[in-house]
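A quick note: this is a predicted structure, and the numbers were derived from the prediction, not measured. Scope of the values below: all heavy atoms of this structure, side chains included, with no hydrogens, waters or symmetry mates. Order of the sequence lines fixes the chain letters, A, B, ..., with proteins taken first and strands second; residue numbering starts at 1 for each chain.
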Number of protein chains: 2
Amino acid sequence: MRAEPTASGTSSGRPELSPVDGLARLSFLVHRMLELRAAEHELSMIQTRLLGILRDRRPTINELAALLALDKSSTSGLVDRAARRGLVVRDPSPTDGRAVHVSLTDHGRSLVDEAAARFESDVLALLDHLPAADRRELSTLVSRLLVAHAAEQQIDLFPGRDGGRAT
Amino acid sequence: MRAEPTASGTSSGRPELSPVDGLARLSFLVHRMLELRAAEHELSMIQTRLLGILRDRRPTINELAALLALDKSSTSGLVDRAARRGLVVRDPSPTDGRAVHVSLTDHGRSLVDEAAARFESDVLALLDHLPAADRRELSTLVSRLLVAHAAEQQIDLFPGRDGGRAT
DNA sequence: TATTGTTATACTCTATAACTATA
DNA sequence: TATAGTTATAGAGTATAACAATA
């Protein structure tokens, strides 16, 4: 969005990006890393998100639509195209004659696993530009930021780790 | 992509996201903030990027295609749709009878300015979850990371601030 | 001949509305 | 009657290939 970097002069020798600029650029950079790795397997971002969700779930079309924030008709088409490529399968629900469960094929799983592994090493390589201490500090701050934001939005960032409602 | 948060236990009371998970989630969060603000003006991400570029330039279709990493035919169609909505105009190049220059209309500029302002306040509000000292530290680390990455990729993060080739 | 831009065609992605089958 | 999913339709966004106009 910004064209000029808005280098809010630190008056030290090193120019520094503004906080908003920095976060925006970092966001686009990481996003593009995932896009490129997905594209290596001819996966669009939405197909990649679909496969990512299916890594540990067998949702119905309706559940998928909610998770992807898409209309059920869009979701149906998305699953169609993935199924046509042999990445996912539809299975009838044993309990509801109207519903289907979508799950990964072995091929779909190998694609998403490989893309995820490559993306992870991309991000690690990016972080390697910082010395170890800075890297740890950055991770801690990012985590703290996300935890605070999730708390405000009443989102559970750590499902499984006792959602809070316990003793 | 990750379903489980991979809370690499810090063995302290507070769970912390893994570095890759944290950066990925932060990236998606910031990306979604821009998407939502753009959507308030019925702008897609690619239309928003187009208008963002035009804020301080009047590129040709070919130049736009390079900046957006799109084919020139895709760019032509993108500009068509933006022009049909009155957001941009094509003007013939004074020096090359084949080329056109694309620029913002007043309407297009007001849309992109407003979306940018709202996005900026979203990111500032997000950062407000951290105490001021942490916020400054995070910005510095993000900036340092991007500067190092840009240097490696031989990209100039600060155009105008003397591209280096000087005295 | 080479370059700039547009057009024709095809496919993915998305939503709305209408439909089928089951509950 | 309500819900789960699909299909019909329309439009944005993208690429490839073919084209027109200009250089």
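No donor-acceptor pair closer than 3.5 Å links the side chain of A:His107 to the backbone N or O of A:Leu87. A donor-acceptor contact shorter than 3.5 Å is absent between the side chain of B:Ser74 and the backbone of B:Leu70. In this structure, the side chain of B:Ser76 does not engage the main chain of B:Lys72 through any donor-acceptor pair within 3.5 Å.
In this structure, A:Glu42 places its CD atom 17 Å from P of D:dT14, rounding to the nearest Å. Look at CG on B:Leu64: it is 14 Å from P on C:dT4, rounded to the nearest Å. Distance CG (A:Leu78) to P (C:dA15): 11 Å, rounded to an integer number of Å. Atom C1' of nucleotide C:dT6 and atom CG of B:Asp80 are separated by 8 Å, given to the nearest angstrom. One can place CG of B:Asp91 at 16 Å from C1' of C:dT4, the figure rounded to the nearest angstrom. Rounded to a whole Å, the NZ atom of A:Lys72 is 12 Å from the P atom of C:dT16. Here the P atom of nucleotide C:dT12 and the CZ atom of A:Arg49 are 19 Å apart, to the nearest Å. In this structure, the CD1 atom of A:Ile61 is 14 Å from the P atom of C:dT14, given to the nearest Å.
In this structure, A:Arg90 reaches the sugar-phosphate backbone alone: every heavy-atom distance under 4.0 Å involves primed, P, OP1 or OP2 atoms, never a base. Within the 4.0 angstrom heavy-atom criterion, only backbone atoms of the sugar-phosphate kind lie near A:Ser44; the bases stay farther away. Across all strands shown, A:Ser93 has no heavy atoms under 4.0 Å from either base or sugar-phosphate atoms. Using a 4.0 Å heavy-atom cutoff across all strands shown, B:Asp71 reaches at least one base atom of the nucleic acid. Within the 4.0 angstrom heavy-atom criterion, no nucleotide atom of any strand lies near B:Thr75.
Contact check, A:Asn62 against D:dG5: a side-chain N or O comes under 4.0 Å of OP1 or OP2. Taking side-chain N and O atoms only, A:Ser74 has a distance below 4.0 Å to OP1 or OP2 of C:dA15. Residue A:Arg81 has a polar side-chain atom (N or O) positioned under 4.0 Å from OP1 or OP2 of C:dC13. OP1 or OP2 of D:dA15 has not a single side-chain nitrogen or oxygen of B:Ser73 nearer than 4.0 Å. Contact check, A:Arg98 against D:dT6: no side-chain N or O comes under 4.0 Å of OP1 or OP2.
Taking for each of A:Arg84 and B:Glu63 the nucleotide of DNA chain C with the nearest heavy atom, the 5'-most of the two is the partner of B:Glu63. Toward the 5' end of DNA chain C, the nearer of the two residues A:Ile46 and B:Thr60, judged by each one's closest nucleotide, is B:Thr60.
The environment of CD in A:Gln153 is crowded: more than 12 heavy-atom neighbours from other residues, nucleotides or ligands sit within 6.0 Å.
Side chains of A:Asp71 and A:Ser73: a donor-acceptor N/O pair is present below 3.5 angstrom, by distance only.
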